[in-house]
Undergrad: 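Please see the structure below; I have some questions.
All of these numbers come straight from a predicted model, not from anything done at the bench.
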Amino acid sequence: KPSSAASDVYKRQTINRPDQLNALNNKTIEELHQQFEEIKNDKNIKVIIIIGEGDKAFVAGADIKEFANFSKEQGKKLAKNGQDKLFNLIENFSKPVIAAINGFALGGGCELAMACDFILASDDAKFGQPEINVGAIPGAGGSQRMPRFIGKSKAMYAILTGDMIDANEAEKCGLIAKVFSRENFNEEVLKVAHKVASKSTALARLAKETVKSISTGKVNNYFHQYLELVNLWIKNDLKNLFDFSYHTKKINVIFNRVLK
């Protein structure tokens, strides 16, 4: 069962199946979905960290034992369930979600990481979409999300060969944001989480939406939304523009009004 630990500003969601290398099954997907739904309305939590239990894997893919004998229809249902209840939920979540990769992130694990806002990894982490090696292709958005991270050519190479990508290469090609040593990994992840949490939650929400607009073709919509925000900001906050404590509170109200 995924475990959850919270501080004053962040929540750590741990995928807790270390004996199965934290492989995703229907039960885990359902439990993670429920936990994210609960976090959604918790105003105290500003950042979510997803990490795998143990030191071997973040998530080493889907639980093959669970769906090995699935029919075609059951397979489709499993993939849709994972997409709708977890991967798309995380990708469109209103609060920043960080993937903390402490080992293997393969198949569904790599897809889960790419659904997050950015990825931090230990220096021994490994990524990949090895589905082709077992007679399948990425079924939870990997073939769509990976090209956005590393470009078509590298994504096609990874998906068609099934080769793994080590942490250093993943950072170079843009799949992950930062690599930290295994020894200091948890400490460094928390530093980043606190840094993100120190910013305006409303600004973070709009930033996520505008970055996503690159892949959805809604750039103009968000540009006009941004202009509306600026106008509101000038009207409401010009005299307090340099009062950070004031405008952080005020801008949350303005952004929430704009984003409704």
Undergrad: Measuring from atom CZ of Arg205 to atom CG of Leu203, what distance do you get when rounded to the nearest 0.5 angstrom?
TA: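 That separation rounds to 12.0 Å.
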Undergrad: Taking all atoms of both residues into account, what is the closest heavy-atom pair of Ala193 and Tyr10, and its distance?
TA: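 That would be CB-CB, 4.5 Å.
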Undergrad: Nearest 0.5 Å, what's the CG-NZ distance between Asn26 and Lys85?
TA: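 Atom-to-atom, Asn26:CG and Lys85:NZ are 8.5 Å apart.
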Undergrad: Begin from the C-alpha positions of Arg12 and Val189 and carry the test side-chain contact (heavy atoms from CB on, under 4.5 Å) through to its verdict.
TA: CA-CA 11 Å; Arg12 180 179 167 123; Val189 168; over 6 Å; no
Undergrad: Do you reckon Leu112 sits in the same ILVMFWY cluster as Leu106, going by side-chain contacts under 4.5 Å, direct or chained?
TA: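 Unlinked, Leu112 and Leu106 end up in two clusters.
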Undergrad: Between Ile132 and Ile159, which heavy-atom pair has the shortest distance, and what is it?
TA: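 In this case the closest contact between Ile132 and Ile159 is CG2-O, 3.5 Å.
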Undergrad: Could you pull out all donor-acceptor pairs under 3.5 Å where a side-chain atom in residues 164-171 meets a protein atom, sequence neighbours excluded?
TA:
from   : atom 1 : to     : atom 2 : distance (Å)
Asp166 : OD1    : Asn168 : N      : 3.2
Asp166 : OD1    : Glu169 : N      : 2.8

Undergrad: Can you tell if the side chain of Gln13 reaches within under 4.5 Å of the side chain of Val97, non-hydrogen atoms only?
TA: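 Heavy-atom side-chain distance check fails, nothing below 4.5 Å.
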Undergrad: Between Cys110 and Ala105, what is the shortest heavy-atom contact and its length?
TA: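 Minimum heavy-atom separation between Cys110 and Ala105: CB-O, 3.3 Å.
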Undergrad: Just by distance, do the side chain of Asp55 and the backbone of Asn102 share a donor-acceptor pair under 3.5 Å?
TA: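 Such a contact is absent between Asp55 side chain and Asn102 backbone.
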Undergrad: Any salt bridge between Glu91 and Arg148, counting N to O under 4.0 Å?
TA: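 A salt bridge is present here (some side-chain N lies under 4.0 Å from a carboxylate O).
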Undergrad: Please report the C-alpha distance between Arg182 and Asp123 in whole Å, then the side-chain angles of each, then the deciding distance to 0.1 Å, and finally whether the side-chain contact (heavy atoms from CB on, under 4.5 Å) criterion is met.
TA: CA-CA 6 Å; Arg182 164 65 79 172; Asp123 52 14; 3.8 Å; yes
Undergrad: Surrounding NZ of Lys208 (heavy atoms of other residues, nucleotides or ligands, distance under 6.0 Å), is the total greater than 12?
TA: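 Counting other residues, nucleotides and ligands, NZ of Lys208 exceeds 12 neighbours.
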Undergrad: Show every ring-ring contact (aromatic ring centres under 6.0 Å, His included) that has at least one partner inside residues 87-136, sequence neighbours left out.
TA: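 Listed once each, the pairs are Phe36-Phe93.
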Undergrad: Run the side-chain contact (heavy atoms from CB on, under 4.5 Å) check on Phe180 and Val192 step by step: do they pass?
TA: CA-CA 11 Å; Phe180 300 112; Val192 174; 4.3 Å; yes
Undergrad: Between Thr28 and Arg17, is the side-chain contact (heavy atoms from CB on, under 4.5 Å) condition met? List the steps.
TA: CA-CA 9 Å; Thr28 305; Arg17 303 185 72 214; 3.4 Å; yes
Undergrad: Are side-chain heavy atoms of Leu32 and Ile50 found at a separation under 4.5 Å?
TA: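 In short, these two side chains do not touch, never coming nearer than 4.5 Å.
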Undergrad: Do the charged groups of Glu30 and Lys27 touch, with an N to O distance under 4.0 Å?
TA: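 The answer is no: the pair does not qualify as a salt bridge.
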Undergrad: What heavy-atom pair brings Ile176 and Ala121 nearest, and what distance separates the two atoms?
TA: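 Smallest heavy-atom distance, with atoms named: CD1-CB, 3.7 Å.
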Undergrad: Between Lys95 (side chain) and Ile39 (backbone), is there a donor-acceptor pair under 3.5 Å?
TA: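 Such a contact is found between Lys95 side chain and Ile39 backbone.
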Undergrad: In the structure I gave you, are the side-chain heavy atoms of Ile49 and Leu190 within less than 4.5 Å of one another anywhere?
TA: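 Yes, side chains in contact.
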Undergrad: Measuring from atom CE of Met156 to atom CD1 of Ile150, what distance do you get when rounded to the nearest 0.5 angstrom?
TA: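 Reported to 0.5 Å precision, the distance equals 11.5 Å.
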Undergrad: Looking only at heavy atoms, which two atoms of Gly108 and Glu131 are closest? And how far apart?
TA: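 Scanning both residues, the minimum pair turns out to be N-OE2, 4.2 Å.
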Undergrad: From Cys116 SG over to Ile101 CD1, what is the distance, rounded to the nearest 0.5 angstrom?
TA: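 Rounded to the nearest 0.5 Å, the SG-CD1 separation comes out at 7.0 Å.
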Undergrad: Does any non-hydrogen side-chain atom of Glu188 lie less than 4.5 Å from one of Leu120?
TA: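 Not touching, per the 4.5 Å side-chain cut-off.
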Undergrad: Are Leu24 and Leu21 in one and the same hydrophobic cluster, where Ile, Leu, Val, Met, Phe, Trp and Tyr link if side-chain heavy atoms are under 4.5 Å apart?
TA: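 Different hydrophobic clusters.
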Undergrad: For the side chain of Asn22 and the backbone of Glu53, is there at least one donor-acceptor N/O pair under 3.5 Å apart?
TA: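 Side chain of Asn22 to backbone of Glu53: a pair is present.
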Undergrad: Could you tell me whether the side chains of Asn16 and Thr14 share a donor-acceptor contact shorter than 3.5 Å?
TA: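 Short answer, no.
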Undergrad: Provide the closest heavy-atom pair for Lys46 versus Pro96 in the form atom of the first, atom of the second, distance.
TA: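 Scanning both residues, the minimum pair turns out to be O-CD, 3.2 Å.
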Undergrad: Does some side-chain heavy atom of Gln129 sit less than 4.5 Å from a side-chain heavy atom of Met114?
TA: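 Yes. Closest side-chain heavy atoms under 4.5 Å.
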Undergrad: Looking at Lys191 and Glu187, is there a salt bridge between them, counting it only when a charged N and a carboxylate O are closer than 4.0 Å?
TA: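 Counted as a salt bridge, because a side-chain N and a carboxylate O are separated by less than 4.0 Å.
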